[in-house]
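Proteins get letters first, then strands, A, B, ... in listed order; numbering begins at 1 in each. Side-chain atoms are counted along with the backbone in the values below, which use heavy atoms only and exclude waters and symmetry mates.
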Amino acid sequence: MNDDLETLRHSTAHVMAAAVLDLFPGTVIGIGPATDEGFYYDFAFKDRLLPEALPRIEAKMREIIKQAPPFVKEEIPRADAVALFERLHQPLKVELIADKVTDATARLYRTGDFVDLCLGPHVANAGQLGAFRLLSIAGAYWKGSEKNQQLTRIYGTAFKTEAELESHLKMLEDAAKRDHRKLGKDLDLFLVDEMVGRGLPLLTPKGAAVRRQMEEFILRLEQRQGYQHVKTPDIARLEIYKTSGHFERYRESMYPPSEMEDEEWQLRPMNCPHHIRVFARKAYSFRDLPVRLAELGTVYRYEKSGEVSGLIRVRAFTINDAHIFCRPDQLNAEFERVIQLILQVYRAFGIKDFYFRLSLRDETSNKWMGDPAVWQRAQDAAREALRASGHPFVEAPGEAAFYGPKLDVQIKDAIGREFTLSTNQIDFLMPERFGLEYVTSEQSIMRPVMIHRAPIGSMERFMAYLIETYVGAFPVWLAPVQLTFIPIADRHLEAVGQLANRFRLRDLRVEVDGRSERMQAKIRDAQLQKVPYMAVVGDKELEGGTLNIRRREGGDQESVRSDEFLARLEREAQLPLE
RNA sequence: GCCGCCUUAGCUCAGCGGUAGAGCAAUGGUUUCGUAAACCAUCGGUCCGGGGUUCGAAUCCCCGAGGCGGCUCCA
């Protein structure tokens with residue numbers, strides 16, 4: 001966002017607050033900044049605000065804009081500012097002065113009768129505003145903490161011109177059509193059933209077909225890269241999570257333990273403890289390292305009810321997990337390999353719109369476990385490997401895991417929300433807590449370092465992202481149905497069935513649309529289901545041993561010998577293993 | 001979890017105090033068709049669940065569940 005637009009939006013937020021105070025006297029105002037997409041302002045209303053009020057607020061804003069009052073900057077002594085906002089019955093502003101204003105003076109901006117504590121800048125006068133729209137009402141905690149009171153936030157957006165505003169609103173509308181929850185229903189990929197439970201999505205045959213391809217791809221890629229796959233259960237004794245530290249630092253996300261035969265059992269929230277115990281089964285020489293143990297491991301985390309969403313945020317999910325146990329001198333090289341693997345996976349899926357985030361600890365939170373000096377080593381190692389990879393990244397203090405720094409890959413979903421798609425950590429803590437060891441060339445005992453890595457992250461979230469990036473039109477290797485046969489008349493059905501079986505025997509996913517419908521209707525349905533290829537078969541094709549191939553993308557149909565097309569489809573269906 | 005909104009047939013939606021409707025899908029029949037929707041008929045509903053107000057509730061009120069947006073949290 002450029003500065004002009006930010007100024008414009010922030011000024012529009014002021015006008016909105018002015019309109020709200022005019023329409024609803026006695027409302028307490030919070031803060032009202034510009035955002036990447038628009039602006040918002042937080043209020044404590046005396047009565048609850050109904051969405052029907054938004055047009056009224058908009059109308060009042062237009063009135064104000066018409067009068068074009070100037071934005072007037074004012075510097076007054078801090079104590080006078082406190083007195084002013086006390087007189088105006090604006091306690092949150094008084095609190096803000098106490099928190100934020102360290103100078104002897106406080107800066108105010110006045111627009112007509114409205115006055116706000118604000119650093120600016122603003123447009124010269126409200127007449128310069130106009131292309132705006134109020135969008136939604138939401139709850140938001142004061143100062144972003146759930147311990148504080150909840151305010152009512154009004155979101156809006158503003159642009160320099162009506163045309164830009166209109167195109168933005170159109171973009172929002174189009175984005176909603178890409179939403180994986182809508183496509184998941186339209187293309188029959190998954191469902192969330194009330195009886196099974198929220199946050200516990202069920203994959204349909206088509207969704208499961210996509211999932212199997214993802215699994216096949218990543219398992220084969222890992223196998224080629226020197227990973228060894230293990231298979232471990234989804235529960236464990238609670239004891240192991242006391243050793244790992246999860247019970248202490250991660251408990252609120254864990255399902256409660258269940259007790260059987262005087263023992264407590266825990267549905268696992270992470271896979272690392274199981275993998276650590278596989279690693280610890282024998283003694284290691286320095287020559288044996290690194291050991292890379294991988295698994296598509298399902299974990300269970302209790303997400304608050306308001307947080308679950310489609311496939312992107314669920315309560316049971318499968319991590320494309322691996323734990324690399326290596327010597328300290330191997331750490332950087334191993335971490336660089338992880339970065340290369342991530343890039344390779346993203347290339348294979350055709351994902352381009354992402355950025356790397358180095359998530360570090362901060363000093364304000366107390367959720368971190370372990371020695372700060374050890375943390376420093378881990379953070380330095382991650383930063384160094386990232387620099388060596390030459391890939392740009394941003395640093396995010398406070399975003400680390402409780403046991404170590406993370407390299408996260410961040411993406412945005414269809415409606416613009418940012419999520420972590422892949423996550424990777426460097427961990428000195430778990431090897432310590434589990435007492436892992438190896439023997440050095442000097443016969444001494446050393447502790448290995450662990451890398452937790454998951455290029456795909458969660459299979460569920462990744463699939464959600466794939467659905468949205470492809471807008472449901474999966475590439476051939478991932479498509480749940482790769483080819484739909486369309487017999488023109490009933491007399492072609494039997495021959496087409498035999499043809500389809502030949503494709504199935506070559507592991508191709510094909511369907512025959514044998515309904516008593518016209519060819520046009522079958523084409524339309526296959527097209528809407530985003531099947532990559534349609535094979536129309538009538539008298540002409542059966543005589544010539546050909547298929548009339550129509551592509552999902554449109555363009556001319558082509559007549560191809562059926563065995564030739566089978567070979568071609570087989571090639572296109574190959575996993576993108578490079 | 002919190003704030004707000006929403007929930008009517010398998011799907012998309014109309015009805016918003018007078019006792020439930022459309023299109024698509026499904027089923028039966030007719031049609032056997034050459035590149036994005038053939039025609040006719042039929043079936044289909046505890047109007048999310050529970051309580052209340054009312055002569056009468058899908059419609060109004062309360063409680064609960066689920067969904068959506070946001071906040072918090074997060075793969």
Tell me which residues in residues 177-191 of chain A put a heavy atom below 4.0 Å from RNA chain B, sorted by number, or none. R181(A), K185(A)
Is the terminal nitrogen or CZ of R9(A) (NZ for Lys, CZ for Arg) located under 6.0 angstrom from the six-membered ring centre of F159(A) and within 45° of that ring's axis? yes
Hey, does the side chain of R518(A) come within less than 4.0 Å of A38(B)'s phosphate (OP1/OP2), counting only N and O? yes
Taking any heavy-atom pair under 4.0 Å as a contact, classify V314(A): base, sugar-phosphate, or nothing. base
Figure out the CD1/C1' separation between I523(A) and G34(B), and round it to whole Å. 8 Å
Inter-nucleotide C1' distance (U54(B), U7(B)), Å rounded: 24 Å
Please check this pair: side chain of H180(A) against backbone of Y465(A), looking for a donor-acceptor N/O pair closer than 3.5 Å. no
Counting only side-chain N and O atoms of R524(A), is one of them less than 4.0 Å from OP1 or OP2 of U35(B)? no
Determine the contact category for Y155(A): base if any of its heavy atoms lies under 4.0 Å from a base atom, sugar-phosphate if only primed atoms, P, OP1 or OP2 are that close, otherwise nothing. sugar-phosphate
Rounded to whole Å, CE of M254(A) lies from P of C74(B) at a distance of 15 Å
Using a 4.0 Å heavy-atom cut-off across all strands, classify K406(A) as base, sugar-phosphate, or nothing. sugar-phosphate
Tell me, please, whether Y302(A) has R315(A) positioned over its six-membered ring: NZ or CZ under 6.0 Å from the ring centre and within 45 degrees of its axis? yes
If you measure from the C1' atom in C11(B) to the same atom in A37(B), how many Å do you get, rounded? 16 Å
Please classify the nucleic acid contact of I319(A) as base, sugar-phosphate, or nothing, using heavy-atom distances under 4.0 Å. nothing
Ignoring hydrogens and geometry, is there a side-chain-to-backbone donor-acceptor pair from H492(A) to D539(A) under 3.5 Å? yes
Do the side-chain N or O atoms of R198(A) get closer than 4.0 angstrom to the phosphate oxygens (OP1, OP2) of A65(B)? no
With respect to the side chain of R313(A), which nucleotide from C73(B), G70(B), G66(B) is positioned closest? C73(B)
Counting any heavy atom closer than 4.0 Å, what does R550(A) reach on the DNA or RNA strands: base, sugar-phosphate only, or nothing? base
C1' gap between G21(B) and A38(B), integer Å: 25 Å
Point-to-point distance, once rounded to the nearest 0.5 Å, from OH of Y346(A) to CG of L421(A): 3.5 Å
Would you measure the distance from the C1' atom in C13(B) across to the matching atom in C6(B) and give it in whole Å? 14 Å
Kindly confirm whether the side-chain ring of F317(A) is stacked on the base of A75(B), judged by centres under 5.5 Å and planes under 30°. yes
Regarding Q149(A), tell me which of base, sugar-phosphate or nothing describes its non-hydrogen contacts under 4.0 Å with the strands shown. nothing
Atom CD1 of I137(A) to atom C1' of C71(B): distance rounded to whole Å? 15 Å
Taking atom C1' of A38(B) as reference, at what distance in whole Å does atom CE of M519(A) sit? 12 Å
Counting C-beta onward and ignoring hydrogens, is there a side-chain heavy-atom pair between R551(A) and Y533(A) closer than 4.5 Å? yes
Nearest-Å distance once atom C1' is located in both G17(B) and U59(B): 6 Å
Look at all strands and tell whether Q520(A) reaches a base, only sugar-phosphate, or nothing, counting heavy atoms closer than 4.0 Å. sugar-phosphate
Any base atoms under 4.0 Å from S516(A), or only sugar-phosphate, or nothing? Heavy atoms, all strands. base
Looking at T546(A) and R561(A), would you say the former's side chain and the latter's main chain have a donor-acceptor pair under 3.5 Å? no
Looking for any heavy atom pair under 4.0 Å, which part of the strands does L421(A) touch: base, sugar-phosphate only, or nothing? sugar-phosphate
Is R153(A) positioned over the aromatic face of Y40(A), cation under 6.0 angstrom from the ring centre and no more than 45 degrees off axis? yes
Tell me whether E541(A) contacts the main-chain N or O of G538(A) through its side chain, where contact means a donor paired with an acceptor under 3.5 Å. yes
Side chain of E517(A) - closest among A75(B), A38(B), A36(B): A38(B)
Could you give the CD-to-C1' distance, from E146(A) to C74(B), as a whole number of Å? 13 Å
Can we call the ring centroids of F462(A) and F349(A) under 6.0 Å apart? yes
In whole angstrom, give the distance that lies between atom OH of Y465(A) and atom C1' of A75(B). 15 Å
Counting side-chain heavy atoms from C-beta on, which of C71(B), C74(B), G1(B) comes nearest to Y302(A)? G1(B)
Polar side-chain contact E541(A)-G34(B) base: donor and acceptor under 3.5 Å: yes
For L151(A), which contact category applies under a 4.0 Å heavy-atom criterion: base, sugar-phosphate, or nothing? nothing
Using atom P of each nucleotide, how far apart are G49(B) and U8(B) to the nearest Å? 10 Å
Report which part of the nucleic acid T152(A) touches: base, sugar-phosphate, or nothing (heavy-atom distance under 4.0 Å, all strands). nothing
First encountered from the 5' end of RNA chain B, between D490(A) and L528(A): D490(A)
Rounded to the Å, how far apart are L311(A) CG and G67(B) P? 13 Å
Closest nucleotide of RNA chain B for R153(A) versus for E194(A): which of these residues is on the 5' side? E194(A)
Per the 3.5 Å Watson-Crick/G-U criterion and a run length of at least three, the stems involving RNA chain B are B:1-7 with B:65-71, B:10-13 with B:21-24, B:26-30 with B:38-42, B:48-52 with B:60-64
Rounded distance in Å - NZ (K304(A)) to C1' (G70(B)): 14 Å
Establish whether the base of A75(B) is bridged to the side chain of E303(A) by a donor-acceptor pair shorter than 3.5 Å. yes
Any T420(A) side-chain N or O less than 4.0 Å from OP1/OP2 of C74(B): no
Answer yes or no: is there a donor N or O on one side and an acceptor on the other, between the side chain of R461(A) and the main chain of I312(A), under 3.5 Å? yes
Donor-acceptor contact below 3.5 Å, side chain K46(A) vs main chain T27(A): no
What's the gap between U46(B) and U19(B) when it is taken at their C1' atoms, as a whole Å value? 15 Å
Looking only at side chains, do Y141(A) and Q149(A) share a donor and an acceptor under 3.5 Å apart? no
Distance, P atom - from A14(B) to C48(B), rounded to whole angstrom: 14 Å
Quick one: label R417(A) by what it contacts on the DNA or RNA (base, sugar-phosphate, nothing), any heavy atom closer than 4.0 Å. sugar-phosphate
